[in-house]
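Only one structure is covered here, and it is reproduced in the block below.
Quick note on labels: first sequence line is chain A, next is B, and so on, each numbered from 1.
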Amino acid sequence: MRIATWNVNSIRARVDRVTAWLERSDVDVLAMQETKCKDAQFPVLPFEAAGYEVVHHGLNQWNGVAIASRVGVSDVEPAFPGQPGWGEPAAAEARALGATCGGVRVWSLYVPNGREVADPHYVYKLGWLAALRDAAKEWTSPDAPPTLLVGDWNVAPRDEDVWDPAFFEGRTHVTAPERDALTALEDVGFTELTRAYTEGQFTYWDYTQLRFPKRQGMRIDLAYGSPSAAAHVVGAAIDREERKGKGASDHAPVVLELDT
DNA sequence: ATGCCCGCATACTGCGGA
């Protein structure tokens, strides 16, 4: 089975590119982030024409997460237990969608950006990741299905995951508390599954400043697996080709290969 | 080196993205 994650940065602007990629990539399950639309606006038909069912959670023009699957999709959850909201009073955001596809529990995740270290959004980001860790504790029990946490984490786990660590000093995505929040996922039994197969590669390049042709990117799209999921991973790849050309998302799709 | 930012919204400017 092949499972991919892709921050599509608006599904309505990119549906042709995404479904064309799906059809030629032999991917069974695609987790999408930043669909930027409400449920009723999601272009379901092109996915169905390609042989995929789609579940989507979108509340407005921001965020939005989806899962397309050609191996079934059931037990859909539009948030993880304890997922915080944003603002005062806290408002729900469409940043997590769980579904079981082909026997694997898949969570499509769009972690809050954090904006700046001094911004309340940064506090929200850290709280969001802590709540996810608490929920994930329950997903490593022996009776839980193999679980994958995939998406746009908005954290570069290591200095080598950004094109210039000096550029990011004092900015979000690279701070110790953000990185510690990912390590905490490993402490409850999850493993990052893509790095071992994609050393030295990035998943995101800013639209500005010729970042992509200059190869100035970041690794922020990651896949964490529970022990029973990690045991089935036999490969991973970042499809850098998809970042090229007119109409590309600023993120590339990341593909996981499982021996199931 | 696959190209000098993009998408959205009661829209001709501001916001969020990272």
Pairwise [atom1] distance for [N] and [M], with rounding to whole Å:
N: B:dA18; M: B:dC5; atom1: C1'; answer: 13 Å
N: B:dC12; M: B:dA1; atom1: P; answer: 41 Å
N: B:dC4; M: B:dC8; atom1: C1'; answer: 23 Å
N: B:dG16; M: B:dT10; atom1: P; answer: 14 Å

So what does [X] touch, heavy atoms closer than 4.0 Å: a base, only the sugar-phosphate, or nothing?
X: A:Phe212; result: sugar-phosphate
X: A:Tyr122; result: nothing
X: A:Glu241; result: nothing
X: A:Asn113; result: base
X: A:Asn63; result: nothing
X: A:Arg171; result: nothing
X: A:Arg211; result: nothing

Just the rounded figure in Å: distance from [atom2] of [N] to [atom1] of [X].
X: A:Trp62; N: B:dA18; atom1: CH2; atom2: P; answer: 15 Å
X: A:Phe168; N: B:dA18; atom1: CZ; atom2: P; answer: 11 Å
X: A:Leu222; N: B:dA18; atom1: CG; atom2: P; answer: 13 Å
X: A:Trp163; N: B:dA18; atom1: CH2; atom2: P; answer: 16 Å
X: A:Arg95; N: B:dG16; atom1: CZ; atom2: P; answer: 12 Å
X: A:Asp152; N: B:dG16; atom1: CG; atom2: P; answer: 17 Å
X: A:Asp161; N: B:dA18; atom1: CG; atom2: C1'; answer: 14 Å
X: A:Arg243; N: B:dT2; atom1: CZ; atom2: P; answer: 10 Å

On DNA chain B, check which nucleotide each of A:Ser10 and A:Asp250 is closest to and give me the residue with the more 5' one.
A:Ser10
For DNA chain B, whose closest nucleotide is more 5', that of A:Arg115 or that of A:Arg12?
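Closer to the 5' end of DNA chain B: A:Arg12.
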State whether [X] and [Y] are salt-bridged, where the test is any N-O pair (Lys NZ or Arg NE/NH1/NH2 against Asp/Glu carboxylate O) under 4.0 Å.
X: A:Glu77; Y: A:Arg105; value: yes
X: A:Asp161; Y: A:Arg158; value: no
X: A:Asp26; Y: A:Arg70; value: yes

Check each of A:Thr5, A:Asp152, A:Asn7, A:Asn63 against A:Gln33 using the side chain to side chain donor-acceptor pair (under 3.5 Å) test, and report the only one that passes.
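Of all the options given, the one that passes is A:Thr5.
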Quick one: which of B:dT2, B:dA9, B:dG7 gets closest to the side chain of A:Ala13?
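Selected nucleotide: B:dG7.
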Nearest to the side chain of A:Lys244, heavy atoms from C-beta on, is which of B:dG3, B:dG17, B:dC8?
B:dG3
Under a 3.5 Å cut-off for both contacts, is B:dC15 paired Watson-Crick or G-U wobble with anything, and if yes, with which nucleotide?
B:dG7
Counterpart base for B:dA1, defined by Watson-Crick or G-U wobble contacts under 3.5 Å
none
Regarding A:Lys125 and A:Asn154, do their side chains bring together a donor and an acceptor under 3.5 Å, going by distance alone?
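No pair is found: no donor N or O on one side chain lies under 3.5 Å from an acceptor on the other.
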More than 12 heavy atoms from other groups under 6.0 Å of CH2 on A:Trp163
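Counting other residues, nucleotides and ligands, CH2 of A:Trp163 exceeds 12 neighbours.
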Counting heavy atoms not belonging to A:Glu116, are there more than 12 under 6.0 Å from its CD?
no
Collect all protein-nucleotide pairs involving nucleotides 4-6 of chain B in which both atoms are nitrogen or oxygen and the distance is under 3.5 Å.
unit_1, atom_1, unit_2, atom_2, d
B:dC5, O4', A:Tyr207, O, 3.4

Per the side-chain contact (heavy atoms from CB on, under 4.5 Å) rule, which among A:Val188, A:Leu182, A:Thr183, A:Asp187 passes with A:Arg133?
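Single side-chain contact (heavy atoms from CB on, under 4.5 Å) partner of A:Arg133 among A:Val188, A:Leu182, A:Thr183, A:Asp187: A:Val188.
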I want to check one thing: is the phosphate of B:dG17, taken as OP1 and OP2, less than 4.0 Å away from some side-chain N or O of A:His251?
no
Establish, with yes or no, whether the OP1 or OP2 oxygen of B:dT2 is under 4.0 angstrom from a side-chain nitrogen or oxygen of A:Arg240.
yes
With ILVMFWY side chains joined below 4.5 Å, transitively, what does A:Leu210's cluster contain besides itself?
none
